[in-house]
Amino acid sequence: MSNERCILLGIESSCDETSAAVVADGSDILSNVVLSQVDEHAVYGGVVPEIASRAHIEAINGIVRQAMNDAHVQADDIAAVAAVHTPGLVGSLLIGVTAAKTLSWLWNVPLVGVDHIAAHAHSATLGTPGGDRPEGPFYPAVALVVSGGHTDLYEVDDPLHMRLLGSTTDDAAGECFDKVAAILELGYPGGPIIERLAKDGDAGAYEFPQAMLGRDSLDFSYSGLKTAVLYAARGQNCAMPDTSHLSGQDKANIAASFQSAALNVLVTKTKRALDQTGAKVVLLGGGVACNEYLRTALADMCRNINVRLLLPDRSLCTDNAAMVAAVGYHRFKAGLTTDLDLQAIA
Ligand code: KG4
Ligand code: ZN
């Protein structure tokens with residue numbers, strides 16, 4: 001392995017994916033191993049923190065070893081170890097942070113703490129793993145990060161500097177997809193299930209609310225939409241005991257109408273953020289970025305106003321360590337390393 005390259009090991013364990021990745025020069029993904037715990041949590045309809053922590057402990061050593069093997073690198077090749085230390089489930093974060101500290105000490109290389117949201121915000125700049133990478137410049141940009149835990153708009157100056165413009169005041173967009181799938185008794189995680197079902201539905205069948213929260217607001221709210229879906233599925237004030245009275249077509253219509261309401265508001269507010277900041281680039285990130293309706297609607301909006309849109313590769317939308325090593329590289333180059341008392345912060 002050539003000495004000129006700056007190679008980082010990244011570790012991600014903030015929620016229910018255990019991931020390790022090896023990335024060269026902040027953009028060339030040599031490996032990206034992701035172990036999802038989704039089957040272990042599905043039976044509970046959501047992530048159970050204690051189960052997540054235990055699964056991370058069991059998986060982390062093997063995942064790191066596989067990431068190193070897949071990348072054909074040795075400990076000597078690694079310039080620094082980067083780990084997500086905030087935000088997330090504290091018991092889950094602790095496992096990745098502890099693994100990173102141990103390797104940093106053992107290999108005698110710097111440790112870098114990475115913010116999970118910053119990692120999602122920059123995932124689209126990585127292009128396709130092993131394939132094409134987009135050409136810069138990427139900044140100044142507006143980043144839309146939409147996942148199971150976050151619905152945030154940021155103004156981004158560079159990989160190290162971003163300012164929060166707006167955020168959800170209640171549920172995150174992905175969380176709302178998960179809850180609507182639970183209301184419709186469809187399973188977990190809800191995002192991909194709702195998206196699939198919505199393809200057979202009529203998005204105009206129901207007029208669900210999109211919370212705008214004032215003319216200039218860049219915040220989001222999903223609680224009203226969730227209640228509207230609940231009443232559509234179970235009758236006003238949940239008069240019906242379950243959803244057995246709904247046909248497959250009824251459910252598809254609710255899914256399609258919900259999806260367009262939940263995602264159109266993201267597009268509207270991203271456009272507002274562009275108007276307010278003057279940025280000419282949009283970076284999309286987070287699990288909900290897998291959604292084809294959202295990708296197409298954002299692309300249409302950006303094309304109309306001559307703004308560049310960077311969409312993350314599907315493998316980089318949900319939680320992964322490649323995006324962590326990428327942001328970790330920029331922090332490392334800027335001297336933003338940390339000592340072994342790096343804290344996991346929920
Ligand atoms: O980024 P992520 O893996 O984890 C968090 O940091 O939360 O995102 C997971 C979330 C889940 O809520 C899931 O339902 C949602 O992303 N999601 C989707 C789709 N695929 C995953 N939401 C809408 N459409 C999808 N295709
Ligand atoms: Zn995430």
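Indexing begins at 1, ligand by ligand and atom by atom, following the structure's order.
The closest approach between Q259 and ligand 1 stays at or above 4.0 Å for every heavy atom of the residue. Put simply, part of H116 is less than 4.0 Å from ligand 1, judged by heavy atoms.
When the heavy atoms of D319, N291, N320 are ranked by distance to atom 3 (O) of ligand 1, first place goes to D319.
Atoms of ligand 1 lying under 4.0 Å from any heavy atom of G174, numbered from 1 in the order shown and given with element: 12 (O), 14 (O). The ligand atoms of ligand 1 that sit less than 4.0 angstrom from a heavy atom of H120 are 1 (O), 6 (O). Annotation for ligand 1: atoms under 4.0 Å from non-hydrogen atoms of G149 are 7 (O). Each of the atoms 5 (C), 7 (O), 8 (O), 9 (C), 10 (C), 12 (O) of ligand 1 lies under 4.0 Å from some heavy atom of G148.
Restricting D319 to its N/O/S atoms, the shortest distance to the Zn ion (ligand 2) is reached by OD1. Of all N/O/S atoms in H116, NE2 sits nearest the Zn ion (ligand 2).
For H150, every N, O or S atom stays at 2.8 Å or more from the Zn ion (ligand 2). The nearest N, O or S atom of H120 is closer to the Zn ion (ligand 2) than 2.8 Å.
No part of E292 comes within 4.0 Å of ligand 1, judged by heavy-atom distances.
Considering backbone and side-chain N/O of E195, one or more are found under 3.5 Å from N/O of ligand 1. Considering backbone and side-chain N/O atoms, P189 never comes within less than 3.5 Å of an N/O atom of ligand 1.
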